[in-house]
Amino acid sequence: MNVRAPKGTADMLPEVARAWEYLTRTAQELFARYGYEPIYTPLFEHTEVFTRGIGEATDIVSKEMYTFTDRSDRSLTLRPEGTASVVRSALEHSLVPQGSYVKLYYAGPMFRYERPQKGRMRQFWQIGIECLGAAEPSVDAEVIAVLIRFFEAVGIPLENMRLLINSMGDETCRPAYRETVATFIRDHGEALCEECNRRAETNPLRAFDCKNPGCVEVMAEAPLFRDELCDECADHYEAVKEYLDGLGITYEEDPKLVRGLDYYTRTVFEVQVDAGLGSQNAIGGGGRYDRLMEQYGGKPTPGLGFALGFERTLLALEAAGVEIPAPPLAEVYVARVDESVSGMAFGFTSALRETGIAAEMDHQARSLKAQFKQADRLGARLTVIVGPDELDAGEVTVRDMGTKEEVRVPIEGMAGRIAALLA
RNA sequence: GUGGGUGUAGCUCAGUUGGUUAGAGCGUCGGACUGUGGCUCCGAAGGUCGCGGGUUCGAGCCCCGUUACCCACCCCA
């Protein structure tokens, strides 16, 4: 059998798994302070949830979905992102209170069928938040703040990050702007790549994303949405910026920031870093999606959120030289002198653990020397030596691995004494 | 889907113009006088040299195919 994990997937070995849990803990703590509650949705959904929400013409839907039919011929798809599922769930269970809003966060694996490379996997982890029901620009600023604060909290230096923001307009002003850009593309067709020419018909705004040097040059001359937003969208955008200024969060306006999902309206944003991600640069991003709930048949319900990538965040942390704290595997190691005391050693280890102390012992009857090496490797601060001599006196020897000092401790109340020594 | 690079012990890599028993460092295990660690020293285990063909007296080294991984394009977390 093939013992390799499937292409584009990776085992998270203990070192990485620890980092994973660290990111998760940090997020949970931070998100809770902003009033977000956890939600877990299925890893797969009816395919329609994504085709309708994310958009047929997007790369994600047109060529990256893991779609399959189950035994009853239902078309299901492994989720390529988190927002669509959360919004579907919020609609299904009426999570958005009338006249109010709900704040949710999620974490877990996402799936996209792509050629893997640095910072891009077929199964990758995201953690994200969604705020459903609130249309006010202060919420936009708050969501952006949570994203920035998270990266700060895990240890990415502020100066390594770049926050880009833009407005994608709404149903009032976007159609006209779309047409303006489509026309612009057709007018400059011969100077643009094949893909961009196709975009004039499918999704003109994405032409701003093209990295082809010729296209970049031409698109630099294209009319900017910033200048054609309707009054409401322009006001909203201005307000978001004011709130961000108030929070002291620095951002760069990028009129060409066009995110790859169709559901975005008004505010969109992305956090980028320059080092560690290979040719990728975004570690998190999101935006507002005021029409998404309606696309699923719900009442008009504004919403917005962000998603950030675990793998990419770790790459960025690595590039910044941040070490993720690793607790010792054992605070106390129980060494036994010979097999005659195995039973006692086993009992002591268990008693320590029940007292709340991380304790480890040797199960393989190895030499005392080997046991000390093990104690050292595990990072134990104390080693309890269990030998016939000690037991005869109703005691054990406790060695401080740092100072090498040894004291005899009565077996009676040993766990408590050791806990005191560790304190 | 397209292009480039790389596949030698658990990990990181050497392997000279093809030549006989394939090496190192790290890690693991054991030992350096009797119940004791981090340094040092000694030793051991561990390899279908990605796989399949071919050339050759002889291939880890050359050729062809194949596969896996990596990186890049596209796009995104």
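Per chain, numbering begins at 1; letters A, B, ... match sequence-line order. Values in this document were obtained by computation on a predicted structure and should not be read as measured data.
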- Query: Whole Å only: how far is the CZ atom of Arg377(A) from the P atom of rG38(B)?
  - Reply: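 In whole Å, rG38(B) P lies 10 Å from Arg377(A) CZ.
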- Query: Rounded to whole angstroms, how far apart are NZ on Lys118(A) and C1' on rC73(B)?
  - Reply: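 After rounding, the reported distance stands at 17 Å.
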Report yes or no: is there a donor-acceptor pair, N or O only, under 3.5 Å between the side chain of [X] and the base of [N]?
X: Arg366(A); N: rG30(B); value: no
X: Glu390(A); N: rG35(B); value: yes
X: Glu270(A); N: rC76(B); value: no
X: Gln280(A); N: rA72(B); value: no
X: Lys404(A); N: rG38(B); value: yes

- Task: May I have all residue pairs that pass side-chain hydrogen bond (donor to acceptor under 3.5 Å, both in side chains) and include part of residues 407-418 of chain A, sequence neighbours excluded?
- Result: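 Listed by first then second residue: Glu395(A)-Arg408(A).
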- Item | Any residue of residues 46-67 of chain A with a heavy atom less than 4.0 Å from an atom of RNA chain B |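 Per residue number, the list reads Asp59(A), Lys63(A).
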- Could you list all the salt bridge (Lys or Arg N to Asp or Glu O under 4.0 Å) pairs where at least one residue sits in residues 19-40 of chain A, not counting sequence neighbours?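 Residue pairs passing salt bridge (Lys or Arg N to Asp or Glu O under 4.0 Å), neighbours aside: none found.
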- Task: May I ask you to check whether Asp140(A) and His236(A) show a side-chain donor-acceptor distance below 3.5 Å?
- Result: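 Note: Asp140(A) and His236(A) side chains meet the donor-acceptor criterion.
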- What integer number of Å spans the C1' atoms of rG18(B) and rA59(B)?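 The answer is 6 Å between these two C1' atoms.
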